[in-house]
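Atoms considered below: every heavy atom in the structure, side chains included; atoms not considered: hydrogens, waters and symmetry mates.
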Amino acid sequence: MKQKKILLVDDNENIRDALIPLLEREGFKISIAADGIEALREARETLPDILLLDIMIPKIDGYDVCRIIKNDPALKKIRIIMLTAKGQAHEQERGKEVGADAYIVKPFSPLEVLSNIKKIIF
């Protein structure tokens, strides 16, 4: 089985530091981006299996990144998990509307993220 790829998009270094070691131990190949423009470029270059996507990121927000990816025939199969402090119901609904496959509210446990990833790709 080929190694699964995850693109982690978050401008918060603490979030990246909490998730990357755990995901690498689980055998995932990780790439990172800190803003929406980097996220789209990385998604096109690496074609990840999963995109862990913060909503409040610089340049292009996570909602728009998600919408762009889901409307791009070359990228639309990428599964997207939103990671965000925006936990209100209308925010979660907006995430679903733009195509997110799952929505995790910060603060979260890294194991919760791993569990969601496994549900989506295995």
Interatomic distance, Leu52 atom CG to Ile32 atom CD1 [nearest 0.5 angstrom]: 12.5 Å

Hphob cluster co-occupancy, Ile60 + Leu75, side-chain heavy atoms under 4.5 angstrom: yes

Donor-acceptor contact below 3.5 Å, side chain Gln3 vs main chain Gly27: yes

Side chains of Asp54 and Asp61 in contact at under 4.5 Å (non-hydrogen atoms): no

Ile120-Val98 co-clustered via ILVMFWY side chain contacts under 4.5 Å: no

Any residue meeting side chain to side chain donor-acceptor pair (under 3.5 Å) with Tyr63, in chain and number order, not counting sequence neighbours: Glu91

Ile69 reachable from Leu8 in the ILVMFWY side-chain graph, under 4.5 Å edges: no

Donor-acceptor under 3.5 Å (Lys4 side chain, Ile121 main chain): no

Heavy-atom side-chain proximity of Val65 to Val9 below 4.5 angstrom: no

Linked, directly or transitively: Val105 and Leu51 (ILVMFWY side chains, under 4.5 Å): yes

Gap separating the NZ atom of Lys5 from the CD atom of Glu42, nearest 0.5 angstrom: 10.5 Å

Co-membership, hydrophobic cluster, residues Leu23 and Ile81, 4.5 Å side-chain: yes

Where Asn116 and Ala102 come nearest, the two heavy atoms and their spacing: OD1-CB, 4.0 Å

Side-chain (Ser115) to main-chain (Leu111) donor-acceptor, under 3.5 angstrom: no

Side chain to side chain, Leu53 and Cys66, heavy atoms closer than 4.5 Å: yes

Value rounded to 0.5 Å, distance of NZ in Lys86 from OH in Tyr103: 7.5 Å

Counterpart residues, salt bridge (charged side-chain N to carboxylate O under 4.0 Å, His left out), relative to Glu24 (two or more places apart): none

Atom pair CD1/CD1 of Ile20 and Ile30 - distance to nearest 0.5 Å: 7.0 Å

Side-chain touch Val113/Phe108, heavy atoms, less than 4.5 angstrom: yes

Gap separating the NZ atom of Lys96 from the CE atom of Met82, nearest 0.5 angstrom: 10.5 Å

Residue pair Ala43 / Leu7: nearest heavy atoms and the distance that separates them: N-CD2, 3.7 Å

Minimal non-hydrogen separation, Thr46 against Ser31, with atom names: OG1-OG, 4.0 Å

Any residue meeting side-chain contact (heavy atoms from CB on, under 4.5 Å) with Glu26, in chain and number order, not counting sequence neighbours: Phe28, Leu114, Lys118

Donor-acceptor pair, side chain of Gln92 and main chain of Gly87, under 3.5 angstrom: yes

Partners passing side-chain contact (heavy atoms from CB on, under 4.5 Å) against Pro21 (at least two apart in sequence or in another chain): Arg25

Pairing residues for Ile68 by the side-chain contact (heavy atoms from CB on, under 4.5 Å) criterion, not counting sequence neighbours: Leu40, Arg44

With Glu38 via side-chain contact (heavy atoms from CB on, under 4.5 Å) - residues at least two apart: Ala33, Ala34, Asp35, Arg41

Separation between CD1 of Ile78 and CG of Asp49, rounded to the nearest 0.5 Å: 8.5 Å

Pairs involving residues 66-85, ordered by first then second residue, that meet side-chain hydrogen bond (donor to acceptor under 3.5 Å, both in side chains) (sequence neighbours left out): Asp64-Arg67, Lys70-Asp101, Arg79-Asp101

Pairs involving residues 7-22, ordered by first then second residue, that meet side-chain hydrogen bond (donor to acceptor under 3.5 Å, both in side chains) (sequence neighbours left out): Asp10-Lys106

